[in-house]
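First the structure, in the form of structure tokens, and then the observations on it.
This structure is a prediction, so every number in the text was calculated from the model and none was measured. Ligands are counted one by one from 1 in listed order, and the atoms in each one are counted from 1 as well.
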Amino acid sequence: MNDYRLDTRCVQAGYTPGNGEPRQIPIIQSTTFKYATSEDMGKLFDLEASGYFYTRLQNPTNDYVAAKIAALEGGTSAMLTSSGQAANFFALFNICSAGDHIVSSSSIYGGTFNLISVTMARMGISVTFVRPDCTMEELNAAFQENTKCVFGETIANPALTVLDIEMFARAAHAHGVPLIVDNTFPTPVNCRPIEWGADIVTHSTTKYMDGHGAAVGGAIVDSGKFDWMAHKDKFPGLCEPDDSYHGVTYAERFGKEGAFITKCTAQLMRDFGSIQSPQNAFILNLGLESLHVRMPRHSENGKAVAEFLASHEKVARVNYCDLPNDPFHAAQQKYLPNGSCGVVSFELKGGREAASRFMKELKLAAIETHVADARTCCLCPSASTHRQMTDEQLEKAGIPAGLVRMSCGLEDKQDLIDDIKQALEKA
Ligand SMILES: *Cc1c(COP(=O)(O)O)cnc(C)c1O
């Protein structure tokens with residue numbers, strides 16, 4: 001299936017039914033799996049045979065869908081998690097322990113920023129943040145002896161900056177560590193970070209992959225390219241025997257292609273239990289079947305709305321990398337030549353009050369803490385998620401008081417523009 005083009009993989013990769021088996025992916029709604037002998041089951045616990053025994057660790061429905069996402073990203077193995085937050089935490093914690101250090105782009109999702117800078121700090125893991133468009137010199141200067149990985153987002157939520165994936169990969173590899181890229185916003189339809197050197201790719205499948213605002217979920221994909229054994233001293237968790245799993249050495253037993261995801265499943269899923277429900281995996285797969293049809297439409301609508309806003313007198317500024325004068329346009333042309341996504345952010349000249357008035361007048365776009373849905377939605381950080389901050393504090397944080405983030409759905413683009421136009425007139 002991986003020899004077929006991306007559009008075909010969206011529809012059919014991951015699950016190939018045999019004769020007389022269900023055409024649609026079956027939902028295996030079972031917590032447990034039956035075995036004839038204790039010896040049979042023992043082999044699973046020793047990781048000597050592969051198979052299912054308890055849905056907290058693995059479930060066949062999830063694995064069909066994970067295999068599809070691996071095929072889309074061009075990876076060798078993948079797993080689903082209960083949320084995007086769990087995916088990023090697992091991807092980082094699978095290789096970082098107390099005393100280790102992460103180099104991360106500063107332009108990342110707020111939840112991930114908190115995860116790394118507050119919660120993982122409490123676990124003894126430190127971080128140095130760098131701008132997504134920093135120079136190679138600045139990037140190199142961020143590394144320490146104990147750095148174990150580099151992290152960034154292809155298109156950052158909500159700043160909409162574009163990561164220089166190739167440069168970040170080059171710096172990571174020069175320091176003997178992998179690059180982890182959160183590819184939630186472009187999806188593999190618009191960018192495949194592994195082709196630019198990323199080693200691990202993560203997703204909040206809650207966004208475009210599901211695409212209908214129906215199911216929270218996450219995914220981790222391994223490129224199978226990073227040579228853990230070549231940097232043995234840095235990655236003892238992968239390259240030395242795991243006492244909690246009968247002394248298995250993941251990088252030896254499962255090779256470059258399988259070590260990362262096997263360890264992540266066997267250890268982290270076992271201990272933290274953030275599995276995606278098979279029901280949600282089924283819903284996610286319905287979204288994936290049309291991802292290649294939906295993404296171009298989201299990108300087309302996002303671009304049309306961004307162009308309209310950029311020409312409007314009441315708009316001070318528009319952030320959208322597929323506009324020619326955007327600071328990240330060159331990066332977009334390189335990494336996302338077919339389009340970026342449906343999310344646009346813009347600043348209204350009248351500040352906080354104008355933004356609130358504008359949003360109240362919108363008829364199609366609903367006010368929601370969400371993005372990447374079939375239905376257009378919007379959010380004003382200064383009136384919601386960041387409302388406790390003063391205008392001065394907001395300015396310092398790089399969030400102008402009049403900023404609106406709009407996620408363009410799959411509606412007719414002229415209807416979206418007409419709606420924005422009438423709301424701007426009243427704002
Ligand atoms: C939403 C989001 C997350 C978190 O995902 P959840 O599924 O909400 O846990 C992580 N990264 C990015 C880029 C996101 O947009």
Next item on the list: Could you label the plane-to-plane angle of the Phe93 and Phe89 rings as parallel, tilted or perpendicular, counting under 30° as parallel and over 60° as perpendicular?
Entry: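 Parallel, since the angle between the ring planes stays under 30°.
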Checklist line | Aromatic plane relationship, Phe346 with Phe358 - under 30° parallel, 30 to 60° tilted, over 60° perpendicular | finding: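 The arrangement is perpendicular - the two ring planes meet at more than 60°.
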Where ligand 1 meets [X] - atom numbers and elements under 4.0 angstrom, heavy-atom basis:
X	value
Gln85	4 (C), 5 (O), 6 (P), 9 (O)
Phe185	15 (O)
Asn157	14 (C), 15 (O)
Asp182	10 (C), 11 (N), 12 (C), 13 (C)
Glu153	13 (C)
Gly217	7 (O)

Checklist line | Gly84 N/O under 3.5 Å from ligand 1 N/O | finding: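 Yes; the residue has a nitrogen or oxygen that sits under 3.5 Å from a nitrogen or oxygen of the ligand.
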Check: Should Tyr109 be counted as touching ligand 1, given the test is an N or O pair under 3.5 Å?
Finding: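 Not met; the criterion fails.
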Answer yes or no: is there a donor N or O on one side and an acceptor on the other, between the side chain of [X] and the main chain of [Y], under 3.5 Å?
X	Y	answer
Thr147	Phe143	no
Ser77	Ala70	no
Arg294	Met209	yes

Next item on the list: Apply the test side-chain hydrogen bond (donor to acceptor under 3.5 Å, both in side chains) to residues His370 and Ser407: give CA-CA distance (whole Å), side-chain angles for both, the deciding distance (0.1 Å), then the verdict.
Entry: CA-CA 8 Å; His370 194 43; Ser407 169; over 6 Å; no
Check: So is Ala87 close enough to ligand 1, meaning a heavy atom under 4.0 angstrom away?
Finding: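 The answer is no, since Ala87 has no heavy atom less than 4.0 Å from ligand 1.
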Nearest protein heavy atom to [atom], by residue and atom, and its distance?
atom	value
atom 5 (O) of ligand 1	Ser204 OG, 3.0 Å
atom 7 (O) of ligand 1	Thr206 OG1, 2.6 Å
atom 2 (C) of ligand 1	Lys207 NZ, 2.5 Å

Notebook entry, point to check: Would you say the side chains of Asn88 and Thr202 form a donor-acceptor pair under 3.5 Å?
Noted result: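 Their side chains do contain a donor-acceptor pair, which is all the 3.5 Å distance test asks for.
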Checklist line | Full working for side-chain contact (heavy atoms from CB on, under 4.5 Å) between Cys134 and Phe168 | finding: CA-CA 10 Å; Cys134 65; Phe168 273 64; 4.2 Å; yes
